[in-house]
Protein chains: 2
Amino acid sequence: MKYVTIKDIARELLVSVSTVSRALNNDASIRKETREKIQAAAKQMGYVPNPVATNLKYGRTKTIGVIVPEMSTPYAALVIDGIQDICYHNNYKVIIASSGEDADKERESLDIMMQFMIDGIIACRCDYNKNTEFYQKIQEQHIPLVFYDRIPHNIEAPQVVVDDETKAFFLVEHLIRAGRKNIAFIGANFDTVYNSVLRHKGYRAALERYGLEYNPNIVIQTEGLNYSDGAAAVDKLRHEKTDAIFAFTDTLAIGAMNRLKSMGRNIPRDVAVAGFSGTNLCTIVSPQLTTVEPRQFEMGQRAAELIIKLINNPSLQSNEKVIIDADIIYRDSTEET
Amino acid sequence: MKYVTIKDIARELLVSVSTVSRALNNDASIRKETREKIQAAAKQMGYVPNPVATNLKYGRTKTIGVIVPEMSTPYAALVIDGIQDICYHNNYKVIIASSGEDADKERESLDIMMQFMIDGIIACRCDYNKNTEFYQKIQEQHIPLVFYDRIPHNIEAPQVVVDDETKAFFLVEHLIRAGRKNIAFIGANFDTVYNSVLRHKGYRAALERYGLEYNPNIVIQTEGLNYSDGAAAVDKLRHEKTDAIFAFTDTLAIGAMNRLKSMGRNIPRDVAVAGFSGTNLCTIVSPQLTTVEPRQFEMGQRAAELIIKLINNPSLQSNEKVIIDADIIYRDSTEET
DNA sequence: ATGTGTTTTGCAAACGTTTGAATTTTTTTG
DNA sequence: CAAAAAAATTCAAACGTTTGCAAAACACAT
């Protein structure tokens, strides 16, 4: 593909390239007539400015890299949508990589992005104890870096997150008020996903607040975050008295729910189940799943706005922390008994 | 972020930039010693080649644009994964835009990508009767263009697709053999999604082959492709005798299934349900859903390989058509009565 | 006409690479 | 030891922009 350049226009109109450049950028020093003549010609000739040339000139790529832990839930899709919404409107390209909850893959993707010289990174770490030095190196190079969703925990950085602890508290409170006494927590590994620690904290606080005993036997940490991990967690609970489950994500909740059902237990009568994520998957399972629904699209938007702000403001050393609101959606899976 | 350049290395080592350039590119005309010295210095100084400079030089962006109709199913995620797998290994950036099944949005995204001067486009059209001229314009500009999944139908272009007709035939055959006599087809609009036309063709062929009467009253074209559209289709079937449903996608199938359940109909006893897409969503609903599962990751890979081939071979005017295999996965939703 | 001031345009360098051609250095040869 | 050949290095232009500064064009007063 051969594109029309500023030079072509200059040659055509017998003016200099600088004049064309200025005219197209509406520079005040160009005579109105000339400007209009040039802009008309540009349009007519199908000129489109070559972004790589200007990027070279300005020493940037107008690209931001996004690392997500997974890409196959509507949750991820919505966040990405939000990011792209802001970025495309600000003329930034977005490149996405999924780590698949694998820290090595995450690291590898970061490496690729660094080679692309992206102007900034929006990341959702899969494991808060991994790749820390790498992210620090990125920070030292003064490449803008924003985290979202997963709490970075052991690294100071701007971030866009949900108030896990509070939301978990309210959700568990809801279960308690619905008459549940033995509420299990199916969480992600505490050494991997810090949000899990926080939701557990909220969970425990709610129990305490309502005078329910905390039973470590019904607090499970899963291997991964797939449906099968939810199911596996249920197996571990097999011999424990349980009348409700609060799962770390919708995926875990759905995995758990289906296992419970196949064991012949009725939901919500025998066991209430609640998740966290607020994807529309909650509405396609039966019974429909109660969940905490962060404003995912907005989360993406905020993260994108933040990174763009940091890119345009290299001096700004802020570690701004944006809290995204989340709604608790009550559905059949936690109906009162 | 200030990066180390070839010039910095040149200055440091008191050689010319061309020597550095050639040394780093392993040019044979550079003395071994010099080359090694330069490469060592480059590494030590943390040099990373500036892709925007080389891209400018070569008149390309090393970016390929992907247009998907939706991004919130595991289907899309897997295809994208496949695309990225190939592209990142070939040093191409991938930028993705979702049209949300809206032709205007699709067009808008294409516009943005054109402004980014991507080297090629991989697209899944949301409506084969919309934006045709626009895609033709892209072809006229000789920008490599590959379609996947949705049949482009009224435009000649390289594509990576599934044999819809045949696969639909076999799936419906399976329903018939399981004893179903009144098999409904819930398809996407025939004027919008050509695959729907083809699957309908396969559906009809299977009926014919087994001597079942074709009943147009139980062939529904939906508005959109969401769960709600599946449910709405079931409502339209309300007064028809139906003991099986073949839905155009898993999403439609799940929407239909849930509506049937809420109407008190048992699946598969009263109505068998089958979908098409092969996402893992089929396994989280109950009963688990029979479906046709195209090799999604592979589909993405093939599409990416094709586009890269075309980029590297501008002369190649091929309209290669790659057929991706698909497996029929039999699950509880279509068990024999 | 001449000079002054303003407006408009052009020159040339720069961003970080690559690469054909020219130049320098080294090696080989008679 | 000089000349020729080969090898290694450098020069300079190019990719498509932007932009400080110089130059040209014009307006107006004298």
Side-chain angles (χ1 to χ4, degrees), chain A residues 1-39 41-42 45-63 91 93 114-119 311 314, chain B residues 1-39 41-42 45-63 91 93 114-119 311 314:
Chain A
M1 174 65 205
K2 197 72 203 71
Y3 291 96
V4 175
T5 75
I6 233 177
K7 282 188 190 174
D8 299 323
I9 302 177
R11 197 178 315 115
E12 185 76 14
L13 265 45
L14 302 169
V15 294
S16 73
V17 293
S18 22
T19 304
V20 177
S21 172
R22 286 190 242 262
L24 294 175
N25 290 303
N26 289 312
D27 187 303
S29 76
I30 299 293
R31 191 156 44 107
K32 190 156 165 271
E33 289 174 48
T34 326
R35 183 175 1 111
E36 282 165 359
K37 186 181 63 180
I38 290 172
Q39 288 180 348
M45 297 171 70
Y47 169 76
V48 20
N50 185 324
V52 0
T54 58
N55 286 343
L56 175 61
K57 184 69 194 170
Y58 290 126
R60 66 184 186 203
T61 54
K62 274 277 180 179
T63 303
N91 254 286
K93 288 184 286 296
M114 298 303 278
Q115 280 170 24
F116 285 147
M117 287 191 175
I118 68 282
D119 295 340
I311 291 170
Chain B
M1 175 65 204
K2 197 74 201 76
Y3 291 96
V4 175
T5 74
I6 233 177
K7 282 188 191 175
D8 298 324
I9 302 177
R11 197 179 314 114
E12 185 76 14
L13 264 46
L14 301 171
V15 295
S16 73
V17 294
S18 22
T19 304
V20 177
S21 172
R22 286 192 236 266
L24 294 175
N25 290 302
N26 289 310
D27 188 303
S29 74
I30 299 293
R31 191 154 45 107
K32 189 157 166 271
E33 289 175 46
T34 326
R35 181 173 5 110
E36 282 165 358
K37 185 180 66 181
I38 290 173
Q39 288 179 349
M45 295 170 73
Y47 169 76
V48 21
N50 185 324
V52 358
T54 59
N55 286 344
L56 175 61
K57 184 70 194 165
Y58 289 125
R60 64 183 188 202
T61 54
K62 273 278 179 179
T63 304
N91 253 287
K93 288 186 285 296
M114 296 302 280
Q115 279 170 26
F116 286 148
M117 288 191 175
I118 67 286
D119 294 340
I311 291 170

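Note on naming: letters A, B, ... go to the chains in the order of the sequence lines (proteins, then strands), and numbering restarts at 1 for each one. These values consider heavy atoms only, across backbone and side chains, with no hydrogens, waters or symmetry-generated copies.
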Which ones in residues 2-9 of chain A lie close to DNA chain D, meaning a heavy atom under 4.0 Å from one of its atoms? A:Lys2, A:Thr5, A:Ile6, A:Lys7
Sequence-distant partners of B:Thr61, side-chain hydrogen bond (donor to acceptor under 3.5 Å, both in side chains), two or more places apart: B:Asp119
Which atoms form the tightest heavy-atom contact between B:Gln39 and B:Ala23, and what is the distance? NE2-O, 3.1 Å
Contact list for residues 26-35 of chain A, test salt bridge (Lys or Arg N to Asp or Glu O under 4.0 Å), sequence neighbours left out: A:Arg31-A:Glu33, A:Lys32-A:Glu36
Test item: A:Ile6 and A:Leu24 side chains (from C-beta on) under 4.5 Å apart, heavy atoms: yes
Check each residue of residues 15-22 of chain B for a non-hydrogen atom within less than 4.0 Å of any atom in DNA chain C, then write out the ones that pass by number, or none. B:Ser18, B:Ser21, B:Arg22
In Å, rounded to the nearest 0.5 Å, how long is the span from NZ of A:Lys93 to CD1 of B:Ile118? 10.0 Å
Taken in chain and number order and not counting sequence neighbours, the residues that satisfy side-chain hydrogen bond (donor to acceptor under 3.5 Å, both in side chains) with B:Ser21 are none
Rounded to the Å, how far apart are B:Leu14 CG and C:dT25 P? 15 Å
Report the residues that fulfil side-chain hydrogen bond (donor to acceptor under 3.5 Å, both in side chains) with B:Ser18, sequence neighbours left out, ordered by chain and then residue number. B:Ser16
Closest non-hydrogen atoms of B:Met45 and B:Val4, given as atom of the first, atom of the second and distance, are O-CG2, 3.1 Å
Hey, does B:Asn25 reach any base, or is it just sugar-phosphate, or nothing, if we go heavy atoms under 4.0 Å? sugar-phosphate
Taking heavy atoms of chain B and a 4.0 Å limit, find me the 5'-most and 3'-most nucleotide of DNA chain D within that range. D:dA8 to D:dG16
What are the two closest heavy atoms between B:Ala41 and B:Ile9, and how far apart are they? CB-CG2, 4.4 Å
N/O donor to acceptor pairs below 3.5 angstrom from side-chain atoms of residues 46-54 of chain B, sequence neighbours left out:
unit_1: B:Asn50; atom_1: OD1; unit_2: B:Val52; atom_2: N; d: 2.8
unit_1: B:Asn50; atom_1: OD1; unit_2: B:Ala53; atom_2: N; d: 3.3
unit_1: B:Thr54; atom_1: OG1; unit_2: B:Pro51; atom_2: O; d: 3.0

Of the residues in residues 29-38 of chain B, which ones touch DNA chain D at a heavy-atom distance under 4.0 Å? B:Ser29, B:Ile30, B:Arg31, B:Thr34
About how many Å separate CD of A:Gln115 and CG of B:Asn91, when rounded to the nearest 0.5 Å? 7.0 Å
Closest non-hydrogen atoms of B:Leu13 and B:Lys37, given as atom of the first, atom of the second and distance, are CD2-O, 4.1 Å
Not counting sequence neighbours, which residues clear side-chain hydrogen bond (donor to acceptor under 3.5 Å, both in side chains) with A:Arg60? List them please. A:Asn55
Measure the angle between the two terminal helix axes of the helix from C:dA1-D:dT30 to C:dG30-D:dC1, five base pairs each, and quote it to 10°. 70°
Which residue pairs pass the salt bridge (Lys or Arg N to Asp or Glu O under 4.0 Å) test with at least one member in residues 7-21 of chain B, sequence neighbours excluded? B:Asp8-B:Arg11
